[in-house]
Amino acid sequence: AGDYAGYLTPAGMAVLYDAATIASRDNRRPSLQSVKVESTGAHVYTTATASYRAYMRRAEGAINKTDNPLLVPAHYLLKLKGAKLGVKADTQVYISESHIHFIGAGFAAALRLIDGKYPDVGKFFTDTNNYNFVATLDRAALAGALEPIAGAGETVRLVFNGSFTI
């Protein structure tokens, strides 16, 4: 099954499955149909892209440091997700030259890795914590949006995370 590389927690597998959903063929015009999995030894990171978004998350678990990122086909990860594999207990991960193996309670799956290099999508994003964002809002529209919650308290929190939330 390859060399033992580490494990992913159920939450870590959920992150991997979310990345697969972003990169799947079912999504509108995905740019790549694989999930990049890389490890620093202490952390496992996943990356997936679609036409207008990138998904980059840290997965809970520990996999030995990978010299090169692993490219896992998204549609095979979605089959694991559909079978609910790895959602209740830690999943052991083994890596061979051409496959990544997931072994858990009552299941084992070997997925063939994709040869190639995943684009460095991280270079397109900067550290947004170093910037001040300014939003210009129509006073009447904002007052109308706040009117239903006027009695809730004196503080209103505005959140900008790709969309606008009050």
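The chain is numbered in sequence order, starting from 1. Computed from a predicted structure; not experimentally measured.
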Asker: Minimum heavy-atom separation for R58 and V15, please, with both atom names.
Answerer: O-CG2, 4.0 Å
Asker: Hey, what do you get for CE (M13) to OH (Y7), rounding to the nearest 0.5 Å?
Answerer: 13.5 Å
Asker: Determine the minimum heavy-atom distance between A48 and A19, stating which atoms define it.
Answerer: CB-O, 3.2 Å
Asker: Evaluate Y118 against T49 for side chain to side chain contact (heavy atoms under 4.5 Å, CB included), listing each step before the verdict.
Answerer: CA-CA 10 Å; Y118 203 90; T49 60; 3.6 Å; yes
Asker: Give the intermediate values and the outcome of side chain to side chain contact (heavy atoms under 4.5 Å, CB included) for residues D18 and Y55.
Answerer: CA-CA 9 Å; D18 288 346; Y55 179 90; 3.3 Å; yes
Asker: Once rounded to the nearest 0.5 Å, what's the spacing between atom CD of Q92 and atom CD1 of I63?
Answerer: 10.5 Å
Asker: Let's go through S39 and Y45 carefully: what are the C-alpha distance in whole Å and the side-chain angles of both, what is the deciding distance for side chain to side chain contact (heavy atoms under 4.5 Å, CB included) to 0.1 Å, and is it a yes or a no?
Answerer: CA-CA 6 Å; S39 176; Y45 297 94; over 6 Å; no
Asker: Report, as yes or no, whether the 6.0 Å neighbourhood of atom CG on D115 holds more than 12 heavy atoms from other residues, nucleotides or ligands.
Answerer: no
Asker: Which atom names give the shortest non-hydrogen contact between A59 and L8, and what distance separates them?
Answerer: CB-CD2, 4.2 Å
Asker: Can you name the closest pair of heavy atoms from L111 and F102 and give their distance?
Answerer: CD1-CE1, 3.7 Å
Asker: Indicate yes or no for a side-chain donor-acceptor contact from T91 to the backbone of I103 under 3.5 Å, with no hydrogens or angles considered.
Answerer: no
Asker: How far does CD1 of I22 sit from CD of Q33, to the nearest 0.5 angstrom?
Answerer: 13.5 Å
Asker: Using the side chain to side chain contact (heavy atoms under 4.5 Å, CB included) rule, take N68 and K117 through it: C-alpha gap first, then chi angles, then the decisive distance, then the call.
Answerer: CA-CA 9 Å; N68 296 309; K117 187 174 179 179; over 6 Å; no
Asker: Is there a path of hydrophobic side-chain contacts, each under 4.5 Å between heavy atoms of I/L/V/M/F/W/Y residues, joining L70 to V93?
Answerer: yes
Asker: Against I100, only a single residue in L71, L77, L113 fulfils side-chain contact (heavy atoms from CB on, under 4.5 Å); can you say which?
Answerer: L113
Asker: Could you report the tightest heavy-atom contact between P69 and E38, atom names first, then the distance?
Answerer: CG-OE1, 3.8 Å
Asker: Between R112 and P73, which heavy-atom pair has the shortest distance, and what is it?
Answerer: O-CD, 3.2 Å
Asker: Say you draw a straight line from CG of N64 to OH of Y4; how long is it, rounded to the nearest 0.5 Å?
Answerer: 8.0 Å
Asker: Are the side chains of V35 and T47 in contact, using a 4.5 Å heavy-atom criterion?
Answerer: no
Asker: Is there a donor-acceptor pair under 3.5 Å between the side chain of T9 and the backbone N or O of E60?
Answerer: yes
